[in-house]
Amino acid sequence: MSGFKRAGAAIVGAATFGMGEAPGYEAIELAARAARAALADAGLTLKDVDAVFSMLPQDPFCATTMPEYLGIRPKMVESTRTGGSAFQIQAMIAAALLECGMIDCALICYGSNQRSAAGGLVRSGALPFPYEDIYRPIAPASSYALAAARHMHQFGTTREQLAAVAVAAREWAKLNPEAFSRGDLTVDEVLSARMISDPLTVRDCCLVTDGAAAVVMTRADRARDLRQPPVYLLGGAMATWHRYISQMPDLTVTALAEAAPRALAQAGVTLSEIDVVELYDAFTINVILFLEDLGFCPKGEGGRFVEQGRIAPGGSLPVNTNGGGLSCVHPGMYGLFTMVEAAQQLRGSAGARQAPDAKLAIAHGNGGVLATQALLVLGSAETR
Amino acid sequence: MIQRSRSTGRHHFYPRELDPETGAADLEWTPASGQGTVYSVTIVRKKPPEESHCIVLVDLAEGPRMMSRVVGMAAEDVRIGLPVRARIERLDDRPAIVFEAEHGS
């Protein structure tokens, strides 16, 4: 056996706050609101939390800023900085620490006011990298564009297939009252939108929104006594092979190809059993790459896989049921939102966008420029 | 110039203190051929009057890959697989390695 104990820990509370636009809020205020809501969801309070896993992109000391702000004196803090995949990694660390008894109740929280504060992308404090910066790529869009161009060249993937990902996300968003972009969107509109970095138009790129999310985790024995149906961590894995796009070995294969089989093996489930998939769709090419790397289709077939509404509402594989980073919310780091949405789906509380009979879900995170891949396999009570 | 490990003969880029494959510290600088092939390309779209420009990843003949630009031709005409050759040009008033289409390609 490897990894934390299957179903030894569970997500017992999950919430979002300030989705889309939250003028007047600081990032930490949004995160605090989400934290409070997630604890209330679980039937717990701030006093129950003894480990704080936080992320505020602009605060290098968020590991202590966040507990102080919340009035928590934690036994453990952790604020790994892998970008958008940080939260899946935090959940795995939390599961291990819960299991070994170092902690009893973990809070994972994130907040960003990037839309209202700056109207631009989150500045993460990343160091300059002269070997790329001097050529003035658009960070991070050009890196993903290079991956998309290579995938198109190597496998014949088309811009229409990329656009199909954006359209599917929008169809899901229309079913989610919290989603930021809910208007009609067609393939033609994606193709004719303003080009950002070829072949990606602005509609191939994620939203720039405010937003916060939080989840609460406990051991499984305690989870059963709390307010919500527990969402069990059945498996999890991360992998990273590069930091900068020029160092990525093969732009058509992400480290998810290595992490996903580990997570599924730990969970003891096969892909065909997965009911709902929440992927980190910062750009349309992501979904194609990640579906391939997870193994839902062979490498190179992702473009054809997403055609004809297969991942849209009513399709055979529900993907990004909240509308994703493309149409629901993307406040700089999106990974925690895939976990919240997966939890909602597995509780059966996702309303009009509920995937039928969802028992097993993948909540995926991507960090940097396809650099850090992490996924959780989550399950409802009957999968224990 | 490009870094190479004496023991393995393997090149790498960007410059480091250790060979990222073996950890060897026996690195030396050797002349680079300047030859490469475009591995991928994108065009950074600018609002006029600012000019759009291409960003490429170039697979160097020595093995490593680097980011750069292809100059001397329209960004739209830069294709994956294009053989290219390095030269130095000033970008933002700093010297930078850029590439142009290999003569005869």
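Reminder, nothing fancy here: chain letters follow the sequence lines and each chain counts from 1.
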Polar contact flag, side-chain donor to acceptor under 3.5 angstrom, [X]-[Y]:
X	Y	value
N366(A)	S85(A)	no
S7(B)	D26(B)	yes
T42(B)	S197(A)	yes
T82(A)	T372(A)	no
N320(A)	D281(A)	yes

Contact origin within [X] toward chain B - heavy atom pairs under 4.5 Å:
X	value
P249(A)	backbone
D250(A)	both
L200(A)	neither
I138(A)	both
M152(A)	neither

**Report entry** Proximity of Y14(B) and F129(A) rings by center, below 6.0 Å
**Finding:** yes
Report summary line: Cut-off 4.5 Å, heavy atoms of chain A, and the answer for V41(B) is backbone
Query - Contacting moiety of H12(B), where chain A heavy atoms sit under 4.5 Å - result: neither
